[in-house]
> 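After the structure tokens below, expect a handful of questions from me.
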2 protein chains.
Amino acid sequence: MKQINSPDDLKKLGVPELKALADEIRQLILGSVSRSGGHLASNLGVVELTLALHYVFDFKKDKLLWDVGHQCYAHKIVTGRKDKFDCLRKAGGISGFPDPAESVYDQFVVGHAGTAIATAIGMAAGQVHQGKNDKIVVLIGDASIVNGASFEALNNLGLVKRQLLIVLNDNSMAIDATQGAVAKYFSKVRLSQTYEDLRKTTSNILEHMPVIGKGVEEVVEKIKKSIRMVLPASQMFESLNIPYFGPVDGHDIGSLIQLFRALLHLKHPAILHVYTKKGKGFVPAERDGRRFHSTGPFRMNGDSIGAGSGRRTFTGVFGGCLAELAEKDKRIVAITSAMCDGTGLGEFRKKFSNRFYDVGIAESAAVDIAAGLARSGLRPVICIYSTFLQRSFDQIFQEVALQNLPVVFCIDRAGVVGSDGPTHHGLMDIGFLRMMPNMVLTAPADEVELRLALEFALGENGPVAIRYPRDFVPQERFVRAACGKPFKLGESVFVKRRKDSPIAIVSYGSVLKEALEAANLLAKEKIAVDVVNARFAAPVDKRIISLLGEGKCMITVEDHSLACGFGAAVLEMASATLQGPIGKPIAVLGAPRTAIRPDSRDVQLIEAGVNADRIAQRAREMLRPA
Amino acid sequence: MKQINSPDDLKKLGVPELKALADEIRQLILGSVSRSGGHLASNLGVVELTLALHYVFDFKKDKLLWDVGHQCYAHKIVTGRKDKFDCLRKAGGISGFPDPAESVYDQFVVGHAGTAIATAIGMAAGQVHQGKNDKIVVLIGDASIVNGASFEALNNLGLVKRQLLIVLNDNSMAIDATQGAVAKYFSKVRLSQTYEDLRKTTSNILEHMPVIGKGVEEVVEKIKKSIRMVLPASQMFESLNIPYFGPVDGHDIGSLIQLFRALLHLKHPAILHVYTKKGKGFVPAERDGRRFHSTGPFRMNGDSIGAGSGRRTFTGVFGGCLAELAEKDKRIVAITSAMCDGTGLGEFRKKFSNRFYDVGIAESAAVDIAAGLARSGLRPVICIYSTFLQRSFDQIFQEVALQNLPVVFCIDRAGVVGSDGPTHHGLMDIGFLRMMPNMVLTAPADEVELRLALEFALGENGPVAIRYPRDFVPQERFVRAACGKPFKLGESVFVKRRKDSPIAIVSYGSVLKEALEAANLLAKEKIAVDVVNARFAAPVDKRIISLLGEGKCMITVEDHSLACGFGAAVLEMASATLQGPIGKPIAVLGAPRTAIRPDSRDVQLIEAGVNADRIAQRAREMLRPA
């Protein structure tokens, strides 16, 4: 591995050396992810595929597009970033996803599924317009190709009249998680294959592959005919008019190289269907690919490190509450889009399998199905990370908000998310949801409130969105007696209140913890501070505005974009309510409109300006005589 | 027609009478749309289909879900709303789309494509949970079934283990507009059919149809085998594991009734593929279905009424400018998702067919393709209505904004849209776009500025969004000399400015016209008013905030949701800039968070609080001594 500093170095190796290199790369990935956490199973699965691609193509010039992008570790290692694997997904280190700012070998900062085929179509068209012919390769997984955006792109692949290779990395990800028709179809194909079949397919493709200049179309037809005898796999793509090759063994590096060399010459788009094994080379991950899809630090026997700390997360608390509430309320059903474990629905699924729906990576359909369930009289709870919920913007607006249907949105990973970085922060949900009619937005400050918020939401007759972060619940019981009160629509909790205090800190959601710490810091300096737990961002409690009437300054605090967030809602209400001049200034704290890099959540909260020190500092500035 | 006041009345008729009724309904639709405008061609196409569905099913109890919903006129006529057809799409009248507030026969307020299959899945699952077995029927067009959300739903149809009939209304809409693979596939199937084939298919299905209680699966297999000899159409749906029947003639009302009676008994989801003719029964619409898809008032010979008024629209001006700019700048390419005519791209397509992309109803893919084109060095201009752009929220964020790619978003139909109503207003684009990194938001006040904004956008190296309404450009040249200046990033135009004026009206976009009229009204009362044409909502010009420092009140004016809009951006900036108290109040005018009903744009602007009278009234209130 030492001498591999760029893909050019790869090209000096023979197949046996490449195999040895694959093993070394696996060890590097394993070591790094065991320490830092990250995506493991998929990365171990695509090592040979990645090496073969770099061996045949020249991605300094050619374009390699990763769908989702979480499987790009081997790619990063061979494109000059192996030394930075010590600080994978850490501050000052490298991202867990592709990033053009890191390397010319990366095309897009990605992290969400289903986008690569369409961006590749755009790049291919751009090449044609500019008279260029750099090769373009998309690597996409079987869980991602069923996303609506992928399908829209496949349906438009006819726009491309030149080379564009889609490598379908089929590691049975989708079939584990969901029962979608495409997943079933792939599974049926897979079950009909023997290893011998795979080898035969490979040689069939190679045998019939065109030499440059020969009639490509004719040859493709010939190949299809010769492999159709063995396999039924091509039907789905053929009906979309997409030439299909495979399936082939994605760990046979020698054959992959030959295949890519052959497919290089096609003058039209094509799909190569490749089988890989999730977690390849690390037994615990081979056994349980789902657990090792995205993991925290672990020991080499597969045991998690730090899992036994006993600290509870918002996700975990939510999962427990929902399962408990569902015991009594038979109307509750749960929906997610490939985030069952991530959103804490494991227990619910186990107890109420017939009231649980996982639709795969299909956020739009998930929301519409929830709308249908609500329309039929049930109480759907839809669990999606904030960053992925924005993929259902239009469905939330039209099928839920406009109809005023009682769908409960449980928005996990709201706010900054730590090491996943810019593509995964959930910093826009307050903004886009509070523009919609009928939408109620709420956020719990802690464990107790999460339960109260959920009970409240299930009792409403319209849509309610509950947001909470990817974080532990506050260890101390920050919420005072007053906060234990049931949630009431639009009602905040005045946690600290003194008529003569010069400033009020109004916080939304789990950052109440920071607001209270800031108040403690200021108390030491003899500055009295009101602290309000807003609970609702839509509607905003009018009593919050009345504090301004008392001549107090105000600071709003939220784990969200400064633009359009809770603070903006307070400003809007102040503007609408106070006909006279606003006596004192309102400061809005929140994330700037820039990409916040991978780091710990704590550091990112500082960058977003919403930790205790920053809040206290801002209060001092506001109170300083001009 | 007189005696048809509900679907029950239909059921008393025989097939010949139903045929006569179909003709009468066509005349009613034709008369009404010729006066009020609306969706014509598709509505004329589905009359027999609608009658047959209501004849067989009982949609007081059973559920009929319209995808998009623009083809529901015959449905409205037979469900007790024929008397209101005089005021279709008008204030106090009925909507051009389904609306549960109007009738128990409507399930969802819809207007966007691709949602009905997923909502139907949800409703079917809800039925199962509640031990009900009302029948569910989806009617979806061939242009809509290729949308990503539709595909996600089809992929998840396996969730439903009971009856759910999808009627695919294939009127070749998609093939006219686009070249997607599915459209091509349908077209191939269609071309392989003769009328005799269609009749044969119908009798084949009926002959083999199960009687209740018989082994359904087996019979379906038998049907499939018997029709596969004739037709290759089923392959696409079969690979998704969806039982497929057809294609059949969608105007043969007798056969349709028999088919629905037979398919009623299936205990699993199925697709019935039906051919209909766009514009059926009205020769000009049969000849040019696209022109009569959505039309303004017209004469019975097909001529438009009012088209020759000579008034230019923002859409028309944009189309002309782009085509002209593209002559000189070869990097310009244009993308749309089935809105070529609606966004004024007709001329561009004609002149630069190889630089034009219409991807069909696939907004997500459209944005990703634009991102790819930009990444490859071109200057893509993507043209989408505001209401549909929200379907690409995530793609705009991840593939464009986060990458800082120079994609120009030309957002037509921004603001209230008139008679299409709540599903189609474009009231959220400022809010969701201005949260994203790197996004520049601009809006022209008139024709001259539209051109300047476009020139500016094409000169930027990052994403720029330009919004303008579905409206004529202001007739007078409202923009003063100062506004003819080229656009400069974040620079507003002070149209009227007096140091001693007590109030400033700051407008964003085409509502500058209303702001200036308001200023004129106030001038008559000797109230001096500053008027600012903001030009940019992101970034906001800091000089606007400096007006507050001069002790003026301020009113912001925009054709957008009050929440998160331009006014909110001004409030945020004032809060961030002014460390001291804000001397005077800022009033934000904009649309409330409620569904604004179909009406003229003028009336809707009053409801949104942003016409000249309302602005002037608000100014008087603010200046009145407390």
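Since the model is a prediction, treat every value here as computed from it, not as a measurement. Sequence lines set the chain letters: A, B, ... in the order given, protein chains first and strands last, and positions in each chain run from 1.
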> Would you give the length of the straight line joining atom CG of Leu378(A) to atom CD of Gln127(B), rounded to the nearest 0.5 angstrom?
10.0 Å
> Measuring heavy-atom distances to chain A, does Val333(B) have an atom under 4.5 Å in its side chain, in its backbone, in both, or in neither?
side chain
> State whether the side chain of Arg391(A) and the backbone N or O of Arg391(B) hold a donor-acceptor pair below 3.5 Å, judged by distance alone.
no
> Would you give the length of the straight line joining atom OG of Ser376(B) to atom NZ of Lys63(A), rounded to the nearest 0.5 angstrom?
8.5 Å
> Let me know if Asn147(B) has heavy atoms under 4.5 Å from chain A in its side chain, its backbone, both or neither.
both
> Using non-hydrogen atoms and a 4.5 Å limit, figure out which bit of Arg355(B) sits close to chain A: side chain, backbone, both or neither.
both
> Would you call Val588(B) and Ser575(A) a side-chain contact if the rule is heavy atoms closer than 4.5 Å?
yes
> Flag the one option from Val182(B), Thr115(B), Asn241(B) with the top tally of heavy-atom pairs under 4.5 Å to chain A.
Thr115(B)
> Do any N or O atoms from the side chain of Thr119(A) and from the backbone of Asp368(B) form a donor-acceptor pair under 3.5 angstrom?
no
> Within the side chain of Asn155(A), is there an N or O that forms a donor-acceptor pair under 3.5 Å with the backbone of Ala181(B)?
yes
> Counting only non-hydrogen atoms closer than 4.5 Å, does Glu572(B) touch chain A with its backbone (N, CA, C, O), its side chain (CB onward), both, or neither?
both
> With chain B as the partner, which of Gln107(A), Gln395(A), Glu363(A) has the greatest number of non-hydrogen pairs under 4.5 Å?
Gln107(A)
> Identify which one of Leu373(B), Ile369(B), Val359(B) satisfies the side chain to side chain contact (heavy atoms under 4.5 Å, CB included) criterion when paired with Ile121(A).
Ile369(B)
> Which region of Phe388(A), side chain (C-beta onward) or backbone (N, CA, C, O), has a non-hydrogen atom less than 4.5 Å from a non-hydrogen atom of chain B, or is it both or neither?
neither
> Is there a donor-acceptor contact under 3.5 Å from the side chain of Arg375(B) to the main chain of Met123(A)?
no
> Measuring heavy-atom distances to chain A, does His424(B) have an atom under 4.5 Å in its side chain, in its backbone, in both, or in neither?
neither
> Under a 4.5 Å heavy-atom cut-off, does chain A meet the side chain of Glu399(B), its backbone, both or neither?
both
> Test your reading of the model: is there a side-chain donor-acceptor pair from Arg593(B) to the backbone of Arg434(A), 3.5 Å cut-off?
yes
> What part of Leu157(B) gets closer than 4.5 Å to chain A, counting heavy atoms only: side chain, backbone, both or neither?
neither
> Kindly say whether Val109(A) contributes a backbone atom to a donor-acceptor pair with the side chain of Gln403(B) at under 3.5 angstrom?
yes
> At what distance, to the nearest 0.5 angstrom, does CG of Leu240(B) lie from OG of Ser239(A)?
7.5 Å
> With chain A as the partner, which of Ser561(B), Ala366(B), Gly567(B), Pro422(B) has the greatest number of non-hydrogen pairs under 4.5 Å?
Pro422(B)
> Rounded to the nearest 0.5 Å, what separation is found between the CD1 atom of Ile361(B) and the CD atom of Glu152(A)?
10.0 Å
> Tell me which of these, Ala371(B), Cys553(B), Ser364(B), Ala362(B), has more heavy-atom pairs under 4.5 Å with chain A than the rest.
Ala362(B)
> Looking only at heavy atoms, which two atoms of Ala365(A) and Ala153(B) are closest? And how far apart?
CB-N, 4.1 Å
> Does the side chain of Met435(A) reach to within under 4.5 Å of the side chain of Leu427(B), using non-hydrogen atoms?
no
> Contact between Phe108(A) and Val400(B) at the side-chain level, heavy atoms closer than 4.5 Å - yes or no?
no
> Counting heavy-atom pairs under 4.5 Å to chain A, which of Thr387(B), Asp99(B), Ile117(B), Val110(B) comes out on top?
Val110(B)
> Please look at Ala587(B) and chain A and tell me whether the side chain, the backbone, both or neither of the residue comes under 4.5 angstrom of a heavy atom of that chain.
backbone
> Name the member of Ala125(B), Ala149(B), Ala595(B) that forms the most heavy-atom pairs with chain A at distances under 4.5 Å.
Ala125(B)
> Anything under 30° is parallel, anything over 60° is perpendicular, the rest tilted; go ahead and classify His112(A) against Phe397(B).
tilted
> Non-hydrogen atoms of chain A under 4.5 Å away: do they reach the side chain of Thr423(B), the backbone, both or neither?
both
> As an exercise: rank Gly431(B), Ala563(B), Pro437(B) by heavy-atom pairs under 4.5 Å with chain A and give me the winner.
Ala563(B)
> To the nearest 0.5 Å, tell me how far Phe151(B) CZ sits from Ser150(A) OG.
8.5 Å
> Can you tell me how far CE of Met428(B) sits from CE of Met436(A), rounded to the nearest 0.5 angstrom?
5.0 Å
